[in-house]
Amino acid sequence: MTVERQQLIEEVRRTGTLAGLPRGHFIAGRFVASASGREMESFDPGSGKPFAKVAAGDAEDVDRAVAAARSALSGPWSRLSPAARGEILMRASRLIAECAARFAVVETLDSGKRLSEAEGDVAGVVRAFAYYAGAADKLHGDSMPLGPDHVGLTIEEPVGVAAQIVPWNYPLSTAARGIAPALAAGCTLVVKPAEQTPFTTLMLAELLHQAGLPDGVLNVVAGTGPEAGAALVAHPGIDHITFTGSVATGQRVMRAAAEHVTRLVLELGGKSPVVVLADCDLDAAVDGVMEAIFENAGQICSAGSRLVVEEAIAQPLLDRLVGRAQALRPGHGLSDAGIGPINSPAQLARVAAHVDRARAAGNRILTGGAVVPPEECGGGWFYRPTIVLARDTADPLVQKEIFGPVLTVQIVPDFEAAVAAANATSYALVAGIYTRDHARAWRFARTVDAGQIYINEFFAGGVAMPFGGNRKSGFGRAKGMAGLRSYCKLKSVVARI
Ligand code: ADP
């Protein structure tokens, strides 16, 4: 693994790219060019340079992919037992583990993220396929006690063709956490990776095929949101949509889904609080807050982007956080520097605009607050790790998702004020708390509106824990058995005997 990893890194250093990257869509079991023949360029965020071309799909390619997925629904796939589907997923899990170095290096090249984070993502994907491999034959309904003259039971049936719209921040992980349960449930799929990060999803499709997936069960169409994504979510041939991305695009997807009454899971943004109480283990809280906001340079829907700290501990905590943030050196993801790049120049400009506005409005920048000059970081797209003391709760800095390495700080007098601050945005994705007082931690867990609560460890959990949001953060759950059931339609059967 490490020798291969080193060779791949050397190849990127030498050539700026990797040989053998997929170039076409993956439809009906093979790579194909776009019907239009068009391609788009992919950029390495760590250097700002293009490194490969990939097919740019549109409605015609989506049509082909949906047709392949529909016909695969009634093909050999539909006759496999759940246990046999599980075996394919388990083989896939092992194959991904064997190719882990390549997946991780490609993910870093395409998304920009630090290599160690990409390796963590790949390990999570190996685990996700193993988890759903084991779940495939444990997806059972209930039987209902209807009295002596009837038998009533429920059957979990695959929902049909599932569409996945995947974002650029966790390309492989997000694709996998939709693909694995959908396959375990017996669905077929059309996946549209983000235009910025198509490669690992295309690699995964080819690998699943090697693991034994019949042709057409998993199709991937590369392309932009307006051209390929919009065509996919509006397609009458799909039965379910899982969308992960921004609120504005999620709303568009929801409108498109309404046309054909297509089922929908929306995983949207967040502005998640990390509450630190005065009685916490300060070392653990510092580590937790740093990871919550600077992992993947803050480009995480569930980032802990709002620090809500009890006044009594605010100064020592902020001193340490500022020191740690200043020590994070920006650098190419493959060098595994302190902090990686922002995925695109457009996103970098968005992050900078948020902070510039906040500064002008009188919020106090404690550290960072600037784009890193390209000459300092090899031409890539970097933003300095930033901590800002918020003026008040209503400020857009506190209310809006920034999706970058920007932590806002709210200082509160006590626990009750911390709970109120935690609930004071329109998002409800995750919320974390650091305290030694377990009664308060549990009170926090019960009174804060969020899809998941982390007590004394941010991002704790894994594939077994359902994940999703409330309010503007969306609805429906990925991961866990709840994630599997989102790819099923429940049928009730009652017999008179
Ligand atoms: P961002 O603006 O940060 O790129 P988006 O939420 O727009 O985030 O993108 C998430 C995913 O949604 C990407 O795969 C993108 O191509 C896709 N997408 C963008 N616009 C649409 C749309 N109108 N319909 C369906 N998918 C879209």
Side-chain angles (χ1 to χ4, degrees), residues 25 34 40-43 45 54-59 61-62 65-66 110-113 162-179 189-202 204 219-236 238 240-260 262 264-271 296-303 305 341-354 381 383 400-404 427 429 469 472-474 478:
H25 311 295
S34 291
M40 56 190 180
E41 210 138 40
S42 261
F43 287 80
V54 71
D58 59 21
D61 305 295
V62 167
V66 174
D110 209 10
S111 72
K113 68 176 61 198
Q164 304 271 330
I165 305 282
V166 180
W168 46 260
N169 59 334
Y170 281 82
L172 182 63
S173 309
T174 312
R177 81 178 184 208
I179 291 170
L189 292 117
V190 179
V191 183
K192 209 292 285 172
E195 49 271 49
Q196 297 88 345
T197 52
F199 291 107
T200 48
T201 307
L202 289 163
L204 181 63
N219 307 277
V220 179
V221 177
T224 66
E227 286 177 318
L232 179 57
V233 297
H235 203 290
I238 59 166
H240 170 98
I241 301 166
T242 297
F243 171 82
T244 310
S246 63
V247 176
T249 306
Q251 289 170 321
R252 242 173 263 137
V253 169
M254 205 170 168
R255 281 187 207 106
E259 185 62 27
H260 303 292
T262 310
L264 189 62
V265 169
L266 288 182
E267 294 179 47
L268 307 178
K271 190 74 185 182
N296 204 23
Q299 302 163 105
I300 311 183
C301 55
S302 54
S305 54
I342 302 296
N343 177 261
S344 66
Q347 183 58 20
L348 181 61
R350 264 179 245 159
V351 172
H354 275 293
W381 307 316
Y383 199 78
K400 292 209 167 15
E401 184 176 46
I402 296 175
F403 224 67
Y427 293 106
L429 190 52
K472 286 246 178 71
S473 295

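Whatever order the structure lists them in is the order used to number ligands and atoms, beginning at 1. All heavy atoms count here, side chains included; hydrogens, waters and symmetry mates do not.
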- Message: Show every side-chain hydrogen bond (donor to acceptor under 3.5 Å, both in side chains) that has at least one partner inside residues 219-228, sequence neighbours left out.
- Response: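 Qualifying pairs: R38-E227, T224-E227.
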- Enter the distance from L232:CG to F243:CZ here, rounded to the nearest 0.5 Å.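 Taking CG in L232 and CZ in F243, the distance rounds to 11.5 Å.
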- Query: How long is the span from the OG1 atom in T174 to the CD1 atom in I165, to the nearest 0.5 Å?
  - Reply: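 Output value for this atom pair is 12.5 Å.
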- Query: What residue pairs, at least two apart or across chains, pass salt bridge (Lys or Arg N to Asp or Glu O under 4.0 Å) with a residue in residues 189-201?
  - Reply: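 Checked against salt bridge (Lys or Arg N to Asp or Glu O under 4.0 Å) - neighbours excluded - the pairs reaching residues 189-201 are K192-E195.
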- Can you name the side-chain contact (heavy atoms from CB on, under 4.5 Å) partners of A230, sequence neighbours left out?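 With sequence neighbours excluded, A230 shows a side-chain contact (heavy atoms from CB on, under 4.5 Å) to no residue whatsoever.
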Write 'none' if nothing qualifies; otherwise put on separate lines each N/O atom of ligand 1 with a protein N/O atom under 3.5 Å away and their distance to 0.1 Å.
residue, atom, partner, partner atom, Å
ligand 1, 3 (O), W168, NE1, 3.2
ligand 1, 4 (O), W168, NE1, 3.3
ligand 1, 6 (O), S246, N, 2.7
ligand 1, 6 (O), S246, OG, 2.8
ligand 1, 6 (O), T249, OG1, 3.4
ligand 1, 7 (O), T249, OG1, 2.8
ligand 1, 14 (O), V166, O, 2.7
ligand 1, 14 (O), K192, NZ, 3.1
ligand 1, 16 (O), K192, NZ, 2.6
ligand 1, 16 (O), E195, OE1, 2.5
ligand 1, 16 (O), G225, N, 3.2
ligand 1, 24 (N), A230, N, 3.4

- Query: So which heavy atom on D110 is nearest to which on S42, and how close?
  - Reply: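 Closest approach of D110 to S42, heavy atoms only: OD1-OG, 3.7 Å.
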